[in-house]
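Data block below; observations after.
Order of the sequence lines fixes the chain letters, A, B, ..., with proteins taken first and strands second; residue numbering starts at 1 for each chain.
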Amino acid sequence: MGFVLWGFLTDFFTYETTKSVVVKSWSVGIINRIVQLLIITYFVGWVFIHEKAYQSSDTNIESSVMTKVKGFGYLQNQNQNENYQNRVMDVADYVSPPQGSGVFCIITKLIVTENQFQGRCTETGKRFICSSDEDCQKHVGSNLSNGVITGACLKNSNESHGMCEMEGWCPAENDAIKIEPMDVNTFTIFIKNSIRFPLFNVTRGNFPPTMTADEIKKCKYHPEDNPLCPIFRVGDVLNYTGQNITELLSKGGEIGINIQWECNLDLNIEKCIPEYSFTRLDAPFAKNAVSKGYNFRYAKYFKTENGTEFRTLHKAFAIRFDVMVTGKAGKFNTIPTMINLVAAFTSIGLGAVLCDIILLNFLKGAEQYKAKKFEEVSEAQIEASIAQSPGSQLSLKCMKSSCDSGALSLNTYDQPL
Amino acid sequence: MGFVLWGFLTDFFTYETTKSVVVKSWSVGIINRIVQLLIITYFVGWVFIHEKAYQSSDTNIESSVMTKVKGFGYLQNQNQNENYQNRVMDVADYVSPPQGSGVFCIITKLIVTENQFQGRCTETGKRFICSSDEDCQKHVGSNLSNGVITGACLKNSNESHGMCEMEGWCPAENDAIKIEPMDVNTFTIFIKNSIRFPLFNVTRGNFPPTMTADEIKKCKYHPEDNPLCPIFRVGDVLNYTGQNITELLSKGGEIGINIQWECNLDLNIEKCIPEYSFTRLDAPFAKNAVSKGYNFRYAKYFKTENGTEFRTLHKAFAIRFDVMVTGKAGKFNTIPTMINLVAAFTSIGLGAVLCDIILLNFLKGAEQYKAKKFEEVSEAQIEASIAQSPGSQLSLKCMKSSCDSGALSLNTYDQPL
Amino acid sequence: MGFVLWGFLTDFFTYETTKSVVVKSWSVGIINRIVQLLIITYFVGWVFIHEKAYQSSDTNIESSVMTKVKGFGYLQNQNQNENYQNRVMDVADYVSPPQGSGVFCIITKLIVTENQFQGRCTETGKRFICSSDEDCQKHVGSNLSNGVITGACLKNSNESHGMCEMEGWCPAENDAIKIEPMDVNTFTIFIKNSIRFPLFNVTRGNFPPTMTADEIKKCKYHPEDNPLCPIFRVGDVLNYTGQNITELLSKGGEIGINIQWECNLDLNIEKCIPEYSFTRLDAPFAKNAVSKGYNFRYAKYFKTENGTEFRTLHKAFAIRFDVMVTGKAGKFNTIPTMINLVAAFTSIGLGAVLCDIILLNFLKGAEQYKAKKFEEVSEAQIEASIAQSPGSQLSLKCMKSSCDSGALSLNTYDQPL
């Protein structure tokens with residue numbers, strides 16, 4: 001019993017290494033080393049140093065954005081609306097929504113339709129011309145741009161043609177009028193962005209805690225001179241996008257303020273700082289004739305003395321700012337390092353494929369190299385060998401001594417790699 | 001000196017290849033090739049072609065969504081509120097918030113409580129019955145659903161029971177009344193979505209730039225007939241979710257409009273188009289009795305002539321639409337390709353494990369194969385060999401000539417793979 | 001022809017296995033097995049069990065959040081504004097925006113400036129002192145905090161100094177006054193969060209469908225006692241962040257309610273439940289003197305009898321809650337399993353590097369082991385061998401019989417791994 005166990009132990013604690021042929025040939029030797037050098041260079045230079053394959057990375061960033069706009073603007077040329085003539089607009093007037101979130105609009109132009117009451121009237125602007133009620137009754141309930149057709153044709157008694165009556169908020173909006181946009185270039189946007197990489201539990205703010213209140217209040221963001229200042233001049237932001245500012249102000253648009261965090265947490269955490277970039281988000285639609293710019297409608301509601309509700313409708317042309325935060329943090333981690341190291345080592349071995357092909361086929365003396373590398377054993381040989389000495393006995397005999405036959409039990413040699 | 005260097009160089013520029021045993025056996029040979037074929041098929045078919053393991057992928061999409069709703073609705077049966085009887089509602093009335101962001105609500109039902117003033121009154125609806133002030137004083141300050149209990153019991157002189165007085169906005173809201181929801185099926189939603197894959201710097205819009213303004217205005221989205229039209233009929237969207245529309249309109253709900261970008265950037269960029277899907281987001285809560293549907297309260301504020309503020313409270317039942325954008329772009333990249341290729345090549349080698357087990361254990365003549373494959377060397381042999389010829393001299397002798405002992409310096413042979 | 005094909009087939013269906021040297025040495029054998037054991041333990045314990053390298057994971061979560069706040073608050077000490085004295089504030093008053101999205105503010109303090117008309121007046125609070133119009137004319141158009149300087153110096157006839165006139169909404173806001181914040185601790189937040197992992201098409205809600213309406217209405221979230229209750233007391237949430245609540249209520253702040261989904265989809269889906277955590281999002285800016293807290297301005301608009309618009313400006317100090325949802329789901333997948341298994345197997349082979357170094361350099365009898373492991377073949381030998389028997393003939397001779405030279409064609413042996 002103890003004897004069998006001892007035999008098992010000696011069999012187990014052995015070490016198996018591949019038998020190798022060392023080819024002392026300058027040509028293959030140099031090729032071999034060059035291929036290995038190339039593979040090592042690739043892995044060290046590209047995979048490990050450039051692509052940082054030794055790091056595990058987290059792109060799943062948690063972000064919170066707070067914005068605050070400052071500045072005053074003049075609404076001009078609003079001849080049709082007394083309330084809006086030469087109005088000084090402040091933040092509470094032109095920022096929407098007001099909560100200071102990461103997505104906000106700065107209104108640049110307002111088409112205002114005051115004192116709308118529920119009722120019946122004709123549409124302004126585009127007209128649906130009728131000569132009698134029958135013309136309009138075909139379309140009862142269909143939408144005009146400001147209300148629903150009722151079926152009556154409204155015309156002056158001395159005219160042969162009129163317009164269909166509509167039901168809705170009257171008078172109807174006339175958005176064909178021309179208005180000069182408000183100048184928003186001097187407004188400033190203050191952005192407070194705090195992020196967290198949950199995988200590494202790293203929290204960062206978009207300006208350093210060492211910045212004093214005074215420094216922050218006075219600075220203006222500039223890509224080179226002041227890349228960490230969190231205050232952005234609207235005019236600068238629009239300029240950075242390379243767009244036509246006049247058109248942007250007049251038709252509205254969507255601007256992306258991208259805050260990118262690229263953090264190598266193996267370095268000093270102080271180097272984990274944001275980078276800002278500015279794009280026009282609706283750029284892919286620049287070639288489409290439809291839906292250029294950006295506008296939306298909202299209403300303010302009022303009540304008359306006797307309690308009837310009426311409203312002021314606003315068609316607001318605005319620049320929408322989307323503060324978008326993306327980030328990637330990398331930190332040394334053993335798993336990707338191991339996997340890539342193993343891939344690197346294995347790849348070095350792959351260089352041997354090339355050398356083997358050259359050695360065994362194209363080199364002078366290829367046949368001799370083959371003879372050295374390969375040892376052949378055919379079924380015929382084995383059968384002949386079995387005929388000479390019965391197999392099973394050999395195995396038993398060898399278990400107990402160190403014979404040259406090399407017969408060994410399965411559990412010892414099943415790790416060929 | 002030069003001699004040592006030369007020796008070092010000849011040692012360095014050598015090529016080491018494993019010595020192999022070639023088994024000319026049909027059974028093992030066929031098994032070997034079949035296993036290799038299976039592994040190659042798996043890697044080529046599944047890993048490379050199906051799972052695109054040769055690409056690096058980016059799921060970290062940057063997205064900007066602009067929405068615009070169109071349509072008119074009738075608010076009916078609002079007997080209690082003169083201002084809201086048969087009102088024609090337009091976008092400025094029923095879309096909230098108005099800015100046209102990716103998350104917006106279409107209000108389908110409004111419970112309106114007009115002319116609320118700060119003051120004291122009794123709650124409407126669910127009643128907290130009292131017979132004297134003592135009953136109410138126990139609960140002073142506790143919340144009713146519309147205000148806070150003050151401690152007085154309000155009752156008519158001829159009645160024995162009354163209701164506790166509350167403080168807050170009076171009169172209190174009565175949300176138990178039944179109202180028909182507005183029909184929103186014919187409304188349309190226009191969605192403008194531009195995305196960017198920052199890793200590849202690829203920007204795309206959800207409709208092709210070749211689409212004319214006219215085409216866009218006239219089209220309606222349909223999964224098969226018109227999968228790229230950016231205009232969605234609300235009724236269609238609700239239908240696609242497979243939900244009970246009547247209940248949705250009456251109780252409100254949350255609908256997800258998912259825009260999925262699955263882009264293979266190795267192909268033509270024009271094939272990088274969005275795919276829309278529609279789900280009811282609050283579906284996981286369908287079985288919960290509580291919090292069915294979706295509603296929220298908001299107020300419009302007014303002032304009387306003498307400056308006292310009062311308000312109109314709205315309990316709005318709405319359908320909230322969440323435009324959610326997900327995406328994945330893949331592009332050929334050398335790192336994943338290398339790693340997967342190495343894994344593939346190495347895996348092919350793993351097939352040898354199986355063949356070795358068969359060859360060395362289950363095949364006729366297994367012992368003979370073992371004898372061929374394994375060469376044994378034991379400590380006893382080595383010691384005997386050392387006794388015959390002292391080791392260190394052998395090594396020196398061989399460095400200078402090509403002897404058969406194969407003893408070589410460490411730096412030459414430490415890459416066994 | 002058939003003969004050549006047969007030869008090709010016998011050559012193809014062969015099996016090549018490395019020739020190995022089995023070293024029966026206790027020292028190297030034990031080192032070999034220990035190194036293998038360490039590598040296997042690392043891969044099984046860390047890579048597979050701890051890091052779940054056999055799973056493909058999805059962090060790209062789709063999430064929809066609905067929130068509902070409940071509670072009443074008192075606005076006190078608002079001596080300057082009759083409309084806001086001892087006002088009972090309900091949800092429609094203090095929650096902004098009202099739609100119940102994942103980001104919402106609870107207003108804790110309001111600085112109200114009633115009855116602002118467009119016009120000219122002097123700024124309140126910080127003063128820009130002037131003795132004559134000339135002083136002010138230098139700054140025409142510059143921003144004060146409430147409007148734009150017009151250039152006139154307003155002073156009483158009996159005073160030598162006055163203040164520059166400004167244009168904008170008058171009277172100007174005076175935000176230096178001290179106000180007690182509203183007590184919001186007893187308010188409750190109900191959070192409904194449904195998520196989806198698009199990769200696995202798994203949908204989950206943040207409370208179990210088995211929870212009855214009554215259970216939900218009565219419960220309060222507690223990390224240990226009630227981790228799945230979706231109703232959060234505001235006071236508790238503020239406490240969990242470990243911040244100074246008095247300061248938070250007075251200056252405002254941003255609170256992150258993080259819902260984390262960590263789902264192992266190989267286990268029961270019922271174990272895929274959310275975990276809540278609470279942080280102060282503006283914590284990275286705690287040391288900055290500027291921009292402490294969180295506030296924003298909004299206005300309510302009114303009309304006089306004769307149609308002039310005026311407004312009530314609110315500077316709202318608020319606590320902004322960001323419900324942020326992150327998640328990760330993992331599920332068994334063959335690709336990462338294969339890649340990691342191959343890495344594991346290959347890594348076991350790497351143990352041989354260490355053993356080879358020991359065996360061939362530091363062990364007694366190292367030279368003898370080298371002699372056994374390496375077989376040397378130099379160009380000189382090959383040339384000598386060619387001189388004896390012309391190479392090309394040997395190759396042809398061997399193709400037809402099983403000779404010991406082992407020369408074989410390329411297509412048979414080009415898979416060295």
If I measure from the heavy atoms of chain A, does [X] come under 4.5 Å with its side chain, its backbone, both, or neither?
X      : answer
C:N295 : both
C:L313 : side chain
C:Q118 : side chain
C:E254 : side chain
C:Y42  : side chain
C:E305 : side chain
C:S96  : both
C:Y369 : neither
C:C355 : both
C:V103 : neither

Check each atom of [X] against the heavy atoms of chain C and say whether the ones under 4.5 Å are side chain, backbone, both or neither.
X      : result
A:V21  : both
A:L9   : both
A:V65  : backbone
A:P209 : both
A:R204 : backbone

Let me confirm one number: the [atom1]-[atom2] distance from [X] to [Y], rounded to the nearest 0.5 Å.
X      : Y      : atom1 : atom2 : result
C:Y301 : A:T312 : OH    : OG1   : 11.5 Å
C:E375 : A:K372 : CD    : NZ    : 5.0 Å
C:N258 : A:E62  : CG    : CD    : 4.0 Å
A:F302 : C:T304 : CZ    : OG1   : 10.0 Å
C:D356 : A:T18  : CG    : OG1   : 7.0 Å
A:M66  : C:R320 : CE    : CZ    : 8.0 Å

I'd like to verify something: which residue of [options] has the highest number of heavy-atom pairs under 4.5 Å with chain A?
options                        : answer
C:T279, C:N340, C:I30          : C:I30
C:Q260, C:M324, C:E167, C:E51  : C:E167
C:K303, C:K328, C:H314, C:K315 : C:K303
C:A318, C:G147, C:A299, C:A344 : C:G147

Are [X] and [Y] close enough that some pair of their side-chain heavy atoms sits under 4.5 Å apart?
X      : Y      : result
C:K373 : A:S20  : yes
A:T10  : C:W26  : yes
A:Q99  : C:Y294 : yes
C:F285 : A:N206 : yes
A:V88  : C:M166 : no
C:P284 : A:S194 : yes

key: Shortest non-hydrogen separation from C:N146 to A:F72 and the atoms involved   =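 Looking at all heavy atoms of both residues, the shortest contact is C-CZ, 3.1 Å.
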query = Does C:R311 pair with A:D93 as a salt bridge, N-O distance under 4.0 Å?
reply =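 Salt bridge present between C:R311 and A:D93.
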request  = Report the option among A:N115, A:I195, A:V91 that has the most heavy-atom pairs separated by less than 4.5 Å from atoms of chain C.
outcome  =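 It is A:N115.
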task = Under 4.5 Å, counting heavy-atom pairs only, tell me which of A:T186, A:V95, A:L341, A:N193 racks up the most with chain C.
result =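 Highest number of heavy-atom pairs under 4.5 Å: A:N193.
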